[in-house]
Amino acid sequence: MRRFSLSILFLLAAFAAGCAALPPAPAPKTPEEKVASTPVSSSGAVVALADSARTDVAAGNYASASAALERALRIEPRNARLWHELAQLKLKQGDASQAANMAARSNSWAGADKVLRAANWRVIGEAKRALGDETGANAAFDKADKLIR
Amino acid sequence: MKRFLRVALLIALLAAALFALYLDWRVTDEFTGRRWALPARVYARPLELFPGAALTPPQLVQELELLGYKRGIEGMEPGRFEPRAGGVDLVTRPFAFWDGAQPALALRLEFRDDRLDALWDQGNYTELKLARLDPLPIGGIYPAHNEDRVLVKLDEAPRELVSALLAMEDRQFYSHIGVDPRGVARAALSTLTGRGVQGGSTLTQQLVKNYFLTPERTLRRKATEMLMALLLELHYAKDEILEAYLNEIYLGQDRNRAIHGFGLAAHYYFDKPLNRLTLADSALLVGMVKGPALYDPHRHPQRALERRNLVLSEMRGLGYITPEQALRAKAEPLGVVAKPGIGTSPHPAFLELVRRQLRQDYDEDDLRSEGLKIFTTLDPHAQRAAERALTNRLAILDRARKDGQPPLEGAAVVTSTATGEVQALVGGRDVRYQGFNRALDAQRPVGSLLKPAVYLAALSRPQQYTLVTPLSDERFVWKSRGAPDWEPQNYDRKYHGRVPLRTALAESYNVATARLGTELGIPKVLETMHRLGIEHELPPYAATLLGAVDLTPFEVTQMYQTLASGGFRTPLRAIREVLTADGQPLKRYGLSVEQVVEPAPVYLVTAAMQDVVREGTARGLTAFLSPTLNIAGKTGTTDELRDSWFAGFTGDYLAVAWVGYDDNRPSRLTGASGAMTVWGELMAPIAREPLVPPLPENVEQVTIDPRSGLRAGFGCDGAVELPFLAGTAPVAVSDCAAPPPPAPEKKEKPPAKSWWQRLFE
């Protein structure tokens, strides 16, 4: 009997905790964040290389990060996500023109993945802004918005 | 008179002193840094090992054997492997890569369905995600006289090697002052008695001779040599001099590469590091010092063996080794590895490309002396496939001719479609020949290879042209001011009336293409060619449309690279990274892409190029490759059948092949009968991925009845799926149950401003 009531108590507590976790909506994620939270690939080798690239980026070691991503791309040349990661990296490196081109390349392999395509258009938008093309940047951001609306 | 003599003597002494000072300066200046010019070492791509990699056990074993891995695992000794049921065990060699070092790994590889299935680290029984083999050295960029060496320290040299050297070349080494008085006396005697200037050299003198001087034999040079030897001894310790000697001495010739120093000689003759040489090995190398050509163990094994045993006897006589040691060593075979001579590189044509790309960033002198490590994109498997295909196919083509024609020549380039990395390059049928590099330097008329650019320019105007737009293949005369009239002919000398656009490309109709190109405007088409990556100037004439322009196979490859990567121009690269001699990262050559054409028209022209292989001029390719690869390609044939070309790509590789004669005489081959056979044989062992370009969002597939060019309706046999830009496909449906209506002159309903058009604006 004691055990029974205890388990009810636990159930109730769990329910309450579940309720507490549900309602307050988390801050809306950008497409880039959504993309980053999904696995890069089903290949362990590619995941390992993308992870090491991320570590390199965090340490500011962009050359190593590029090398790791390009190594991953040689394994999976049609992986839209890897092209996107390279585009992001180029943006960080200040190479806006390559960032836009890599994002476009990612889009060509992205298929029906609207979130990834939106993220790519946002990279293109930022790249165009960096290149001083405000109109082009706004058009790119609009495209991103339309894709995830 | 006396006074004059005294002045003369004084002047002579002064001159001698100045000369000695000059020599002293040279000795100390050049010897103190003791920096040997070290060649840049060039490596192929390392083989990546990971679960899922397209790799079979035989391919792996081939790569391991190429790398010189030996059969039989011996503990953790690197560079060994052993095939097992379902897999291969191996211990990798440690290697410092651009992005960090990988230690020796004991790996167990398991395979399934032509793929690497699992990768185990036997050191700690964990499954690995990724590992690399050490990269295959594919040559070097060498200093003057192609001197090659592997620097060693004195303490790395086996004691027996040093004692053998002293026994044979200079027994008084540790006691003399640089020259041996008795040797000098002997040399003087032989000179005076007219037997020439010879003999009596100490190690120090030999070093001076090799290091500082030219190999002429005059009395003056001999005197200089002695003086410098004395100076060298004055400034440096015996061991420093000995170490320099070990690294400097010339020990043989590998084709055009000069083997210097015992460190490299140990690798070259025995495939061992210096410290692992046996007594017999050491004796053999020391015996060769006197005459590396005379005692070459590859060419004169008997003479080399006798010389080796003489060295061993001398060592025993001096008490450096025991009689038993001598006896045992004499009983050993020569033990030299039978390596095919590779000279400065087994793949000189690819190396030339590497050197040219490096020269954009580095001084030629640095390349030849700084010991840089160059990591390239060469795939040894693809390179071998390309070399074999070219030599084999040219031999077959030659045999089929039997009319006293000289041997044909050819060239081939293979790249990765996604990254533009050059994986193989062959510059002629003698693949080891270092001379004329046809892949890079043979400028030849390209013929129909440029046609895809004409059709791409057309398909970039989707409101006017689709894959089924009828084109006119009727007699055509192009008149332009200041130029003779131009009347192109088809290969079969016939006209074909109205043909669908895709058929005109598939069958490579010249007349229809010329009409199309002039309709589009020649400058417009040339601009498309430049966009695709042709940097070479293109003559602004109509004949250029049909390829009356000279390009190299490499330039053609760059153009097709853009098509193969969906409209993204990707510069062809042969180098990935450069490291300094001590392993510090120096430069990385990264991937870059530039979207130069919209994806949709590239997708359409690629579909038409797939028709070339499926049903057009390249349908013979099925003899070599499965139709499931969906290859896109184009044949090229030039006037009077001089040049035979084929360019094409699968999902993973792009290759361009050329066959013809250096002197431009007709090869009497079409693209399909010549270069295409090279291409097919080259691609067969390497291509794995079918070509499935990503469908652009504004392209739709529509089922078309090829007879009417309309949408296939009920009862249409042989209907084909063709891609169209959304809104540009024919609207009318072909009623195949009824007799086919006449082909429409124009599309029924050119849609006004479709959504995709607005998209681009």
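This structure is a prediction, so every number in the text was calculated from the model and none was measured. Chain letters run A, B, ... following the sequence lines, proteins first and then strands; every chain starts at 1.
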> Measure Glu48(B) against the heavy atoms of chain A and call it side chain, backbone, both or neither at under 4.5 Å.
side chain
> Would you name the heavy atoms of Gln98(A) and Val593(B) that are closest together and state the gap between them?
NE2-O, 2.8 Å
> If I take atom CG from residue Leu591(B) and atom CZ from residue Arg105(A), how far apart are they, to the nearest 0.5 angstrom?
9.5 Å
> Grab the two heavy atoms, one from Trp98(B) and one from Ala67(A), that are nearest each other, plus how far apart they are.
CZ3-CB, 3.7 Å
> Considering non-hydrogen atoms only, spot the tightest contact between Phe568(B) and Asn101(A) and give its length.
CE2-O, 3.5 Å
> Taking every heavy-atom pair that is under 4.5 Å apart, which of Pro693(B), Ala54(B), Gly590(B), Pro585(B) has the most such pairs with chain A?
Gly590(B)
> Where on Leu49(A) is there a heavy atom nearer than 4.5 Å to chain B: the side chain, the backbone, both, or neither?
side chain
> With a 4.5 angstrom heavy-atom cut-off, is it the side chain or the backbone of Ser565(B) that approaches chain A, or both, or neither?
both
> Under a 4.5 Å heavy-atom cutoff, which of Ser97(A), Ala63(A), Ala100(A) has the most pairs with chain B?
Ala63(A)
> Taking it one step at a time, do Glu70(A) and Arg576(B) satisfy salt bridge (Lys or Arg N to Asp or Glu O under 4.0 Å)?
CA-CA 10 Å; Glu70(A) 287 178 25; Arg576(B) 287 182 185 168; over 6 Å; no
> So which of Arg117(A), Lys90(A), Arg78(A) has the biggest tally of heavy-atom pairs under 4.5 Å with chain B?
Arg78(A)
> In terms of heavy-atom pairs under 4.5 Å with chain A, which of Glu689(B), Arg588(B), Glu421(B) leads?
Arg588(B)
> Pick whichever of Ser52(A), Gly44(A), Ser43(A), Ala110(A) has the most heavy-atom pairs under 4.5 Å with chain B.
Gly44(A)
> Please identify, among Ala48(A), Ala104(A), Pro77(A), the residue contributing the most non-hydrogen atom pairs under 4.5 Å to chain B.
Ala104(A)
> Give me the atom names and distance for the closest heavy-atom approach of Arg74(A) to Thr419(B).
CG-CG2, 4.4 Å
> So for Ser592(B), is it side chain, backbone, both, or neither that comes closer than 4.5 Å to the heavy atoms of chain A?
both
> Quick one: CG on Leu130(B) to CZ on Arg71(A), what's the gap to the nearest 0.5 Å?
4.0 Å
> Is the number of heavy atoms from other residues, nucleotides or ligands within 6.0 Å of CZ (Arg112(B)) greater than 12?
no
